[in-house]
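What follows is a single structure, written as structure tokens, with notes after it.
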Amino acid sequence: MNQVVQIQGVEAYQAPRFQVYQHRQIDKIEALSQLPEHLRFEMRVVASVFPFRVNNFVIDELIDWDKVPNDPVFQLTFPQRGMLDDESYDLMAALLKTHPTADQILALAQTIRTKLNPHPAGQMDKNVPELDGETVNGMQHKYKETVLFFPSQGQYCHAYCTFCFRWAQFVGKATRFNNHDADELHRYLKEHTEVTDLLMTGGDPMVMRTVKVRGYLEELKKPEYDHIRTIRIGTKSLTFWPHRYVTDPDAEDLLELITELVDAGKHVSFMAHINHIQELRSPITREAIKRIRATGAQIRTQAPLLNHINTDPDMWSEMWKLQTQLGMIPYYMFIERDTGAKRYFELPLYKTWEIFRDAYQQVSGVSRTVRGPSMSAGPGKVEVSGVTEIMGEKVFALRFIQARNPDWVQRPFFAKFDEKATWLDGLKPAFGEEKFFWEDEYNAM
Ligand SMILES: *Cc1c(COP(=O)(O)O)cnc(C)c1O
Ligand code: SF4
């Protein structure tokens, strides 16, 4: 049922119905029918490897169709030719022309996907915690103070961003993290009093109905969990389905749950994925921000820097300023991870740093809460602090923002400058050293 609500600046807002389109429905998306057939064929080819998911709000309100294919939100949500190398593309294109069965497409897709580093940074084997001697799926405990939790009902997302480390979750059951058991989460947190932060992620946990979210979080109000000071919720919903907080039937309930957690003494922070300022333009997004802030929760923002989407430093500085103005806290700029469609989105590290620097220089101190550009790599989150010259050698200055061993954090280290490097594993130590200071210890873990 559609609902009419009052939103500031909009007379009476008629909430649209939530309608999702997936990769098999390219021909059902009316907006795409205006695109040339060759573009739609390319999308079909690429979507066979990288599935997509998009809703009517994104299509109708966030994409400027006269800018397509260059529109940033279009680039973010829909498959692009450049995401596949020529060989993979040609193989899939040839197969699609033969009227293949779904199984044939899947088999080729799987072969291509395994070449795309579906589980970067040792996610599958290195960070899985144990409970009573058994490994617990659906959780990661990489940094001492923070547990990452992937609720099983939140395994999909409002978008299937191909640069996201989650993309592998979206394409195959066998490789998913998940956890059916809120009880396991609670037992683990109760035992691990060193943990101060719970980070609920996905997919997107905000695709879950409130009653499910409550099943995971309400328990944490009890005194046994007083060591859990912060609850973070990673989500794209704030910009891709803000109705979650305004017009969805259980929106009020969700806000009530958040208020209860805040009242129980928790710091609740929404970690909003926002890649482009264009995502913030709808009045209902602004309304959602207001309602979340009214619960006492904070909203922090994060996004990777992506070629074809957000390489303009002026856009970043405007976005951080607007976020700050709307009551959000800019938190991370990430470097595109070594997974999925990296070839399409990646930029050399030095470029990433230049863009960050040029944007950072244009904002005041209140927006300089943002950190980065940061690589979420195996040993930790590594910030590219700068490019400089020391004793005649051009180097990258680096530091751990977060590390597997807390002792590594905040110790500067240096890598030889390399204009092609796009990730930590492409870097060599500077000054003729053989290894980075953390390398032996990391390899032994
Ligand atoms: C980023 C991240 C966190 C949170 O790190 P903060 O520095 O506290 O924001 C926790 N776990 C993993 C695996 C992460 O990548
Ligand atoms: S979690 Fe964020 S980055 Fe990943 S697919 Fe969802 S919206 Fe995209």
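Whatever order the structure lists ligands and atoms in, that order sets their numbers, starting from 1. Reckoned from all heavy atoms, side chains included, excluding hydrogens, waters and symmetry mates.
Side-chain atoms of Glu145 and Gln402 include a donor-acceptor pair closer than 3.5 Å.
Within ligand 1, counting atoms from 1 as listed, the ones closer than 4.0 Å to a heavy atom of Leu148 are 10 (C), 11 (N), 12 (C), 13 (C). For ligand 2 and Lys236, the ligand atoms under 4.0 Å from any heavy atom of the residue are 7 (S). Those atoms of ligand 1 with a heavy atom of Arg232 less than 4.0 angstrom away are 4 (C), 6 (P), 8 (O), 9 (O). Atoms of ligand 2 lying under 4.0 Å from at least one heavy atom of Ala159, given by number and element, are 5 (S), 6 (Fe). If you number the atoms of ligand 1 from 1 as listed, the ones under 4.0 Å from a heavy atom of Arg371 come out as 7 (O), 9 (O).
Nearest to atom 2 (Fe) of ligand 2, among the N, O or S atoms that His273 has, is ND1.
The closest approach between a heavy atom of Thr146 and any atom of ligand 1 is below 4.0 Å.
Taking the ring centroids of Tyr360 and Trp316, they lie at or beyond the 6.0 Å cut-off.
For the atom pair CG (Leu198) and CD1 (Ile233), the distance works out to 9.0 Å, reported to the nearest 0.5 Å. Atom CG of Leu347 sits about 8.0 Å away from atom CG of Leu306, to the nearest 0.5 Å. How far OH of Tyr332 is from CZ of Arg300: 11.0 Å, rounded to the nearest 0.5 Å.
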Applying side-chain contact (heavy atoms from CB on, under 4.5 Å) to Ile292 and Ile258, what does each step give before you reach the verdict?
CA-CA 8 Å; Ile292 290 173; Ile258 303 300; 5.8 Å; no
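With His267 as the fixed residue, the side-chain contact (heavy atoms from CB on, under 4.5 Å) test singles out one of Thr196, Val262, Thr230: Thr230.
Considering backbone and side-chain atoms together, Tyr331 places an N or O closer than 3.5 Å to an N or O of ligand 1. Below 3.5 Å of separation, one finds an N or O of Gln402 facing an N or O of ligand 1. When only interatomic distances are considered, the shortest N/O to N/O separation between Tyr332 and ligand 1 falls below 3.5 Å.
Between Arg209 and Asp253, none of the side-chain N atoms (NZ, or NE/NH1/NH2) sits under 4.0 Å from a carboxylate O, so this pair counts as no salt bridge.
Protein heavy atom nearest atom 12 (C) of ligand 1, with residue, atom name and distance: Tyr143 CE1, 3.5 Å.
Because the distance cut-off is set at 2.8 Å, His158 fails to qualify as a neighbour of atom 6 (Fe) of ligand 2, as none of its N, O or S atoms comes that close.
Contacts with ligand 1 closer than 4.0 Å are made by side-chain heavy atoms of Lys381 only, the backbone lying farther away.
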